[in-house]
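Have a look at the structure below, then the notes.
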There are 2 protein chains.
Amino acid sequence: MRRDSRLSGVLHVLLHMAEQPGPSTSEALARAMDTNPVVIRRIMAGLRDRGYVRSEKGHGGGWTIACDLAAVTLRDIHDALGRPELLAMGHRTDAPGCLVEQAVNAALGEAFDEAEALLLRRFGEISLAALSADFHARLAERGGSPTLESNHAA
Amino acid sequence: MRRDSRLSGVLHVLLHMAEQPGPSTSEALARAMDTNPVVIRRIMAGLRDRGYVRSEKGHGGGWTIACDLAAVTLRDIHDALGRPELLAMGHRTDAPGCLVEQAVNAALGEAFDEAEALLLRRFGEISLAALSADFHARLAERGGSPTLESNHAA
DNA sequence: TCTCATGAAACTTCATATGTTGCATGACTG
DNA sequence: CAGTCATGCAACATATGAAGTTTCATGAGA
């Protein structure tokens with residue numbers, strides 16, 4: 001099953017924006033992500049509604065970070081994306097009358113719930129600032145330049 | 001994203017077969033599962049290849065359990081299904097050149113790996129016999145009859 | 001007014017689980 | 001041996017949702 005990469009994508013966008021002094025246009029971000037500007041706007045819409053980022057139209061417009069990176073976690077971002085499904089598997093029937101299927105659902109459901117809870121807990125432990133710090137650590141190790149373009153073909 | 005219900009479905013089938021004295025036809029199982037016989041054959045093929053079940057053609061043919069339920073775990077069944085994806089999310093790019101994306105992948109990947117490991121561990125802890133026992137416990141509580149049909153519209 | 005940027009809607013593409021049909025194969029029955 | 005029942009397999013249809021694309025409206029700044 002094709003895996004949802006919106007969380008991965010939006011984090012990539014946010015960290016690039018954090019390296020930019022001014023606003024970043026959807027077009028520039030899309031070029032860096034090798035995708036379409038509309039896709040950028042789509043995944044950013046939820047973050048804008050929550051006030052994590054701001055968007056401005058017209059000349060000099062684009063996207064700006066509008067929150068404290070240390071105060072926002074991956075879980076917040078996941079929520080802003082609309083809490084997409086975490087697991088690729090599910091029950092065949094949600095409320096089965098069959099006792100066999102109830103037993104199956106109970107056993108699987110427990111494992112599913114634990115895995116989802118684990119993921120959400122981990123997401124809640126990682127702030128955007130921590131991600132950014134990890135990036136800068138990698139940058140220092142590599143000795144590269146901190147510009148957006150240097151890491152992409154663009 | 002539409003969730004994969006093959007594991008749930010095949011477990012349902014196996015537990016029903018365990019309640020049957022003789023072989024169960026794909027057609028009968030499909031009726032109980034409210035699906036198509038070909039779907040049953042499809043999800044059972046992997047289990048047959050591993051020797052967990054046997055299939056016989058012709059009169060009196062059908063599917064029979066060919067393993068010790070206590071010796072086979074949900075993880076074995078998951079393997080027999082071809083180890084479908086467990087998580088609905090993934091990386092945007094698997095081996096990115098961009099350091100930002102590497103940092104994102106590292107953080108997310110750790111959480112993903114933990115969640116997958118947890119699921120597989122839990123699956124490995126649950127045997128088919130345990131599932132069957134849970135079913136019988138529910139049955140005793142409900143006081144129903146142990147037939148396949150009693151739990152389904154058929 | 002012209003240009004640049006987002007906002008929103010509609011459409012296409014793609015992957016994959018699921019559902020369906022048709023036919024070949026093999027096993028039992030009479 | 002012919003007929004029926006069942007699986008095996010291939011091909012095709014359907015449905016869902018992420019991702020990509022096109023188009024037009026809107027608003028901000030030069």
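Numbered from 1 within each chain, the chains take letters A, B, ... in sequence-line order. Just so you know, these numbers use all the heavy atoms, side chains as well, and skip hydrogens, waters and symmetry mates.
- Transitive grouping of hydrophobic side chains (ILVMFWY, heavy atoms separated by less than 4.5 Å) brings B:L74 and B:L81 into a common cluster.
- Atom CD1 of A:I40 and atom P of C:dA5 are 15 Å apart (whole Å).
- When the P atom of D:dA6 is taken as reference, atom CZ of B:R54 falls 18 Å away, rounded to whole Å.
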Heavy-atom contacts, protein to nucleotides 22-30 of chain C, under 4.0 Å, summarised as B (base), S (sugar-phosphate only) or - (none) per nt, yield ---BBBB--

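- Judged by distance alone with a 3.5 Å cut-off, no donor-acceptor contact links the side chain of B:R42 to the base of D:dG8.
- For B:R3 against A:G90, the heavy-atom pair with the smallest separation is CB-N, 3.8 Å.
- Rounded to whole Å, the distance from CD1 on A:I43 to P on D:dA19 is 8 Å.
- Under the rule for a side chain to side chain donor-acceptor pair (under 3.5 Å), A:R54 has no partner lying at least two apart in sequence or in another chain.
- With contacts defined as side-chain heavy-atom distances shorter than 4.5 Å, the pair A:H16/A:S24 does not qualify.
- Not one side-chain nitrogen or oxygen of A:T25 sits closer than 4.0 Å to the OP1 or OP2 atom of C:dA5.
- The shortest distance between the side-chain N/O atoms of B:S55 and the OP1/OP2 oxygens of D:dA6 is not below 4.0 Å.
- The side chain of A:N36 lies closest to D:dT22 when the candidates are D:dA19, D:dT22, C:dT20.
- Note: B:L131 CG to B:F135 CZ = 11.5 Å, rounded to the nearest 0.5 Å.
- In summary, A:E125 and A:R121 do not engage in a salt bridge, as defined by a charged side-chain N under 4.0 Å from a carboxylate O.
- As a whole-Å value, the separation of A:M89 CE from D:dT16 P is 20 Å.
- Where A:D34 and B:W63 each meet DNA chain D at their nearest nucleotide, the meeting point lying more 5' is that of B:W63.
- Distances shorter than 4.0 Å separate some side-chain N or O of B:R6 from OP1 or OP2 on C:dA17.
- Contacts of A:D34 classified as side chain to side chain contact (heavy atoms under 4.5 Å, CB included), with partners at least two apart in sequence or in another chain: none.
- The CE-P distance, from A:M44 to C:dT6, rounds to 10 Å in whole Å.
- A:E85 has its CD atom 10 Å from the P atom of D:dG17, to the nearest Å.
- Note: CZ (B:R48) to P (D:dA6) measures 17 Å, nearest angstrom.
- Whole-Å rounding puts the A:E27 CD to D:dG20 C1' distance at 15 Å.
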